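Notes for the one structure printed next.
What you are looking at is a predicted structure, and each value in this text was computed from that prediction instead of being measured. In what follows, chains are A, B, ... by sequence order, proteins preceding strands, each numbered from 1.
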Amino acid sequence: MMQERKLDVAAPSAAARQLGRALVVTSGKGGVGKTTTTANVGTALAMRGARVVLVDADVGLRNLDIVLGLEARVKHHVLDVLEEKVTLEEALVRDKRSEHLFLLAAAQTREKEDVDTEQMRLLIERLRADFDYVLIDCPAGIEKGFKNAVVGAQDAIVVCTPEVSAVRDADRAVGLLPNSFRPQLIVNRLRVQLVKKGKMLSVDDVNDILRLPLLGVIPDEPDIIVSTNKGEPLALDPISPVGASYRAIAARLAGEEVEVPGVREKQSFLGSLSAFFGGRS
Amino acid sequence: MFGFLKSLFMSQPSSETAKDRLRVVLLADHLSLSPEVVDALRTDLLAVIRRYVEIDEENVDLTFEQREKEVAMLASVPILSVKGSISSEHDSRQSPEMENTDALPLAAVEAESTESTESAEEEEEVQPLEGESTAMVEGRRRRRRRRPLEPEPEPLASTSAGAASPMGQVQSL
C-alpha cells in the first residue's frame, strides 16, 4: 500500500494538478542511448519549467544516477519504496542543477523478478500525481524488466541507432508495446558523413522500416562522452548541437512544432542536417 | 549465377544492403511472431486449392523459409484427386456441386469419347432408346463410364418437364 504523504517540495496539491505524462524510454537493444536520452530529455523538460521525475527501472544495474552526476546523493532506490522501507520523498534525489528535476534510482543488489509489476504501476501513478513528466528508463531486453518499465506508462519513446541490430530489436520492442501507445522515434548516434557516403542507414531508411512519428535525431558527437564523464547532461550546454537536439525534443513533447531538419527528402535532409549540426558530423 | 548475383549485391552501398536485409529479416520475424496471421493464410489457401482438387488436409505442410534476398512460403499439399474424376471418393454422392462440375471437363471427355465409343471399357453396352438422338446416347455412355456405380439415368423421353434427371440438367446447359 502506497503512502499518501505529499512531497515536501513546493508543489500544487495532487487534486489541483492534472496527472502528468508517464513515458517509457525503450529500445529493445542495449547500449543505444536510452539512459543518456532519458537524462537529457528530462533535463531539457525541467529547463522549460516542467516538474520532471526520472525513474531508473533497471534492476541490478544502475545508470541514470551516474549519467546525471548524482551517484553520491543516492541513498535509496525503487525497491526500497515499493517494499515501503522508505517513503517516496526520502528516496527521490533532487538534481544538482535543475530544481524541478528528480531521480528515483534503480536497485542494484536485487533482481528483476523481485519487482512486483502491479506495485510498479501504482508507483508510476503516484508519481504522475506529483509531476508533469515521469520518464521511465527501461532496461535492455524484452522480458520482466521491460514489462515492469512499461506497465505504468501511457506512451513510449523508442531510441534506435542506425544499425541493423538496433533496428531489428526496436521493431520487436515496438511490437510488444500496448496497442494504446503511439510510440515516437529518436534516432541516436547519426553520423551524417557516413550517411552521405552510403555507409550508414539514414533516418529515412530507419523509419521506412519502423514507421514511427519522428521525435528527434541526435548526432554522434565526442561531446556526449565528455558529458557523461563529467556527469553534466548536454541539454544544459547552449553551444552543443546535441544539446540543441535534446531541447528540440523536449519542445516537441510539450506540443511545440519544431521542425526536424529536412526529414522528407534525403538530399535536403543531409544538407540541412549537416548545417544544423554545424557541419561537424 | 550465384557469384554474379552476389557481386551485384556487393556493389551496392552498404547502407542499401543493410536496408534490404532488414526488410527481409523483419518479414520473417513478423511471420514467425504472428501465428494467427499464418493460420488465416493457411485456411484461405487451402480453401482456394480445394476448389480445384481434393486434398489430404491432415498432411498439409506450410512453412516459411528465410533466404538471402527474400522470405519464401513453401506449401506441400498432397492431392488426392482432381474434382469429378473416376478416382474421386465423392463419386457415389449425388451433390448438386458434382452435377455442375460434370459439365466442366465435358469438352475434353467429348474428344475422348468419340474415339472410344466402340471400346471394350464399357461393362454394359448402352442401347439407344426410342426417341433418343445420337448425342443423347453418347451422353449416357460418357456418364456410365465416369460413374459406374450410379444407376442408369432415366431417358429424357419418359420424364416430365422439370424433373431433375442428370441428362435433363446437361441438356439445359
- Proximity breakdown for A:L201 and chain B, heavy-atom pairs closer than 4.5 Å: both
- Ion pair present between A:R168 and B:D29, side-chain N to carboxylate O less than 4.0 angstrom? yes
- Message: Does atom CD1 (A:I225) have a neighbourhood of more than 12 heavy atoms from anything else shown, all under 6.0 Å?
- Response: no
- Rounded distance (nearest 0.5 Å) linking atom CG of B:L26 with atom CG of A:L210: 8.0 Å
- Item | Side chain to side chain, A:D171 and B:H30, heavy atoms closer than 4.5 Å | yes
- Write down the atom of B:P13, the atom of A:G198, and the distance for their closest heavy-atom approach. CB-O, 3.6 Å
- Gap separating the CD atom of A:E163 from the CG atom of B:L22, nearest 0.5 angstrom: 11.0 Å
- For the atom pair OG (B:S15) and NZ (A:K197), what is the distance rounded to the nearest 0.5 Å? 13.0 Å
- Message: Could you check whether atom CD of B:E70 has more than 12 heavy atoms from other residues, nucleotides or ligands sitting under 6.0 Å from it?
- Response: yes
- Message: Using the side-chain contact (heavy atoms from CB on, under 4.5 Å) definition, which of the options A:D205, A:V164, A:V206 pairs with B:K19?
- Response: A:D205
- What residues of residues 33-46 of chain B sit under 4.5 Å from chain A when only non-hydrogen atoms are counted? B:L33
